[in-house]
Amino acid sequence: MYCYDFQVVLQEVPGEISLCFTISGCPLRCEGCHSPFLWKKGSGAKLTNKEYRDILYRYFGFATCVVFMGGEWHKKELIAKLKYAQKQGYKTCLYTGEETIDPKIEAHLTWLKTGKWDFKKGGLDSKTTNQRFIEVETNKQLNHLFLK
Ligand code: SF4
């Protein structure tokens, strides 16, 4: 799993301070993709377990959630990383362009964002979006939290 970018973010999961890992190798190729540099497999740096664990340790008590921007194409590795985050007391979230993901991944998520980017419909902050932000346990859609 290669990580193109790591940031601490405030808006991706409302109400949470999130450690956000952007994973390269996205196979979806949405028309008008805002980040086509993520299509290439292996761009960025390898996200080793040590580095990942060190980041989670460093931000413990400050950040509350771990978010993956993609990475579902590395199923086993993603599940292991989500499990580790949960074990450390973090909530978890995945942003995917897919409509559904493997239930084995979903079992380790607090929230899931689904749906391809469609520039005509807009993102989560648009009323016409095709994307969904879901609380996994209840299957409740929480898109309203993104509307301004
Ligand atoms: S899912 Fe995101 S990164 Fe992947 S092609 Fe679509 S917009 Fe680009």
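Both ligands and their constituent atoms are indexed starting at 1 by order of listing.
The closest protein non-hydrogen atom to atom 8 (Fe) of ligand 1 is Cys33 SG, 2.2 Å. What sits closest to atom 6 (Fe) of ligand 1 on the protein, heavy atoms only, is Cys30 SG, 2.2 Å. When only non-hydrogen protein atoms are considered, atom 4 (Fe) of ligand 1 lies nearest to Cys26 SG, 2.3 Å.
Glu12 and Ser18 form no side-chain donor-acceptor contact under 3.5 Å, judged by distance and modelled atom types alone.
The aromatic rings of Trp117 and His34 stand perpendicular to each other, their planes meeting at an angle above 60°, with 30° marking the opposite boundary. Ring-plane geometry between Tyr90 and Phe60 is classed as perpendicular, the angle between the planes exceeding 60 degrees on a 0 to 90 degree scale with a lower cut at 30.
The closest approach between any non-hydrogen atom of Lys116 and ligand 1 is not below 4.0 Å. Residue contacts with ligand 1: Tyr95 is excluded, as none of its non-hydrogen atoms falls under 4.0 Å.
Side-chain atoms of Glu31 and Phe119, non-hydrogen and from C-beta on, do get closer than 4.5 Å to each other. Here the side chains of Asp5 and Phe37 are not in contact, with every heavy-atom distance at 4.5 Å or above.
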Subject >> side-chain hydrogen bond (donor to acceptor under 3.5 Å, both in side chains) between Asn143 and Lys127, intermediate numbers included >> reply: CA-CA 9 Å; Asn143 286 31; Lys127 281 187 180 160; over 6 Å; no
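Heavy-atom proximity to Arg29, at under 4.0 Å, picks out these atoms of ligand 1: 5 (S). In summary, the atoms of ligand 1 found under 4.0 Å from a heavy atom of Trp117, numbered by their order in the structure, are 7 (S). Atoms of ligand 1 lying under 4.0 Å from any heavy atom of Trp39, numbered from 1 in the order shown and given with element: 5 (S), 8 (Fe).
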